[in-house]
J.: 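Shown below is the structure under consideration.
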Amino acid sequence: MNETPTRVYAEIDLDAVRDNVRALRARAPRAALMAVVKADAYGHGAVPCARAALEAGAAWLGTATPQEALALRAAGIDAPLLCWLWTPGGPWREAVEAGIDVSVSGMWALREVQDAARAAGRPARIQLKADTGLGRAGCQPADWAELVGAAAAAEAAGTVRVTGIWSHFACADEPGHPSIPLQLTAFGDMLAYAEKEGLEPEVRHIANSPATLTLPESHYDLVRCGLAVYGVSPAPELGTSAELGLRPAMSLKASVALVKTVPAGHGVSYGHHYTTDAETDLALIPAGYADGVPRHASGRGPVAVGGRIRHIAGRVAMDQFVVDLGRDHGPLRVRPGDEAVLFGSGEHGEPTAEDWAQAADTIAYEIVTRIGARVPRVYRNG
């Protein structure tokens, strides 16, 4: 995009993505790094961020859905790529033909991917997922022997190549949680059994962003980094972005659409949950929950405008919200067209995604990922 939009836009600093990848690689020097670009790279833009991460040394990419993975291939990205969220009847053959590694958690998936491999005339690249305690996808220990045996037989028959064995932590973002050593032990046991049965995976991996930062014993051959790639702390308990050596890549900005003076006792936005207590100036910010601004942050969401941090006055509407400027606007008098920063890196005193997460009683993952498709992305340092 050549011109900066005037209503609302998300500014993405691709140098921050590169710097974060380098910082994370330094935390796991003996492991390769997978940059997870699911959900449009957590709202940042999958293709530009994937390319930036690879430029900085990421060896793998990861997506949730096959459509996300196939879109990367369609964009000409041929790096090793794992896709893990499959349902019966999914586009297995397209994934096999595109050289995408697919995750297999159960016998039904192994059967479907073998059928796709036969149709494609080439072996499928599969990674077996072990449920070591998260309780979502993955094969339970009780069923592991059956899946491993069937995968080994399929590999011997030439329909698959088992390229990886992996799992996922439930509580790596809670340092000292008792589930962490239990999952590490379970993963070690399930991995040892698979290798005893003749499987020789290229990569073994269990570490997500929090584990990459805090659990070197979990790094194995590959670490999978998602939110941390985009510079946002994966958990307040682990530290702020700055404390973790990360730099947030996304800033959400808007232009002030209107400034007007209203009298005391004037209701603001739907339901009049905010009423002015004196004559004051209101600024209209043209972004709302259709853009991803959380309605749960009504009355609390912070915005940097006019040299000060303000807070949303009243409810967030679909396309807009209001901030009360007071009669004293501070060091800069706010006018239509002035910039309002909802969140950014925090380096210049602006709110961060974590500040918005606290205001909306959620997590920073949701704040950046929920920024909607009608918000243009503007890329810097591409």
Side-chain angles (χ1 to χ4, degrees), residues 16-17 19-39 41-44 49 53 56 58-64 82 84-85 103 129-138 164 166-188 203-250 345-346 352-358 362-369:
V17 173
D19 289 346
N20 295 330
V21 168
R22 295 185 187 105
L24 291 162
R25 290 182 64 206
R27 292 293 193 105
R30 292 183 297 277
L33 184 139
M34 175 188 290
V36 179
V37 293
K38 66 178 181 176
Y42 293 63
H44 293 67
C49 289
W60 284 74
L61 299 172
T63 71
L82 173 63
W84 50 77
L85 192 59
S103 182
K129 185 173 186 183
D131 183 359
T132 56
L134 179 58
R136 297 191 320 195
W166 71 295
S167 189
H168 195 57
F169 281 115
C171 303
D173 55 348
E174 301 179 43
H177 195 281
S179 69
I180 295 172
L182 294 176
Q183 284 199 254
L184 277 171
T185 298
F187 186 61
V203 287
R204 306 160 299 163
H205 50 110
I206 187 173
N208 54 4
S209 287
T212 300
L213 293 165
T214 64
L215 294 169
E217 64 271 31
S218 72
H219 290 173
Y220 282 93
D221 307 305
L222 181 69
V223 295
R224 303 186 309 273
C225 296
L227 192 69
V229 166
Y230 311 104
V232 181
S233 171
E237 295 82 358
L238 302 180
T240 65
S241 296
E243 289 168 345
L244 295 172
L246 304 173
R247 186 156 61 94
M250 180 189 288
S345 68
T352 64
E354 182 57 43
D355 293 328
W356 273 83
Q358 293 176 14
T362 186
I363 56 176
Y365 291 76
E366 183 180 355
I367 296 300
V368 293
T369 304

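What you see is a predicted model, and the numbers here were worked out from it, not measured in a lab.
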J.: May I ask you to decide if the ring planes of Tyr42 and Tyr230 are parallel, tilted or perpendicular, using 30° and 60° as cut-offs?
T.: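 Rings of Tyr42 and Tyr230: tilted, 30 to 60°.
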J.: With sequence neighbours excluded, tell me which residues meet side chain to side chain donor-acceptor pair (under 3.5 Å) with Trp166.
T.: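 Applying side chain to side chain donor-acceptor pair (under 3.5 Å) to Trp166 gives Ser103.
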J.: Give me the atom names and distance for the closest heavy-atom approach of His177 to Pro181.
T.: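 Smallest heavy-atom distance, with atoms named: O-CD, 3.5 Å.
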J.: Would you name the heavy atoms of Ala172 and Ile180 that are closest together and state the gap between them?
T.: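 Scanning both residues, the minimum pair turns out to be CA-CD1, 4.0 Å.
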J.: Should Ser167 and Leu134 count as side-chain neighbours, where that means a heavy-atom distance under 4.5 Å?
T.: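 Result no, sub-4.5 Å side-chain heavy-atom pair not found.
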J.: Between Leu24 and Val223, is there a side-chain heavy-atom distance shorter than 4.5 Å?
T.: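 Not in contact.
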J.: Nearest heavy-atom pair of Ser209 and Gly226: which atoms, and what distance?
T.: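 Reported closest heavy-atom pair: OG-N, 3.0 Å.
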J.: Got more than 12 heavy atoms from elsewhere within 6.0 Å of CZ, Arg25?
T.: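 It does not: Arg25 CZ has 12 such atoms or fewer within range.
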J.: Please find the pair of heavy atoms, one from Ile363 and one from Ala357, that lie closest to each other, and give the distance.
T.: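 What the structure gives for the nearest pair is C-CB, 3.5 Å.
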J.: Ignoring hydrogens and geometry beyond distance, is a side-chain donor-acceptor pair present between Arg27 and His219 at under 3.5 Å?
T.: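 No, because no side-chain N or O of Arg27 sits under 3.5 Å from a partner of the opposite role on His219.
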J.: Between atom CG of Leu222 and atom CD1 of Ile206, what is the distance when rounded to the nearest 0.5 Å?
T.: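 Reported to 0.5 Å precision, the distance equals 12.0 Å.
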J.: To check you understand the geometry: which heavy-atom pair defines the closest contact between Tyr220 and Gly188, and what is its length?
T.: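 Looks like OH-CA, 4.1 Å.
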J.: With side chains defined as the heavy atoms from C-beta onward, is the minimum distance between Pro234 and Leu244 less than 4.5 Å?
T.: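 SC-SC contact between Pro234 and Leu244 confirmed.
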J.: Side chains of His44 and Val17: closer than 4.5 Å at any heavy-atom pair?
T.: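 A side-chain contact under 4.5 Å is absent here.
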J.: Testing Lys129, Arg224, Gln183, His205 for side chain to side chain donor-acceptor pair (under 3.5 Å) with His168, which one passes?
T.: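 Among Lys129, Arg224, Gln183, His205, the one that satisfies the side chain to side chain donor-acceptor pair (under 3.5 Å) with His168 is Arg224.
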J.: Hey, does the side chain of Ser241 reach the backbone of Ser233 with a donor-acceptor pair shorter than 3.5 angstrom?
T.: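 Present.
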J.: Quick one: which of Leu246, Val21, Val37, Val36 gives a side chain to side chain contact (heavy atoms under 4.5 Å, CB included) with Val229?
T.: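 Result for side chain to side chain contact (heavy atoms under 4.5 Å, CB included) with Val229: Val21.
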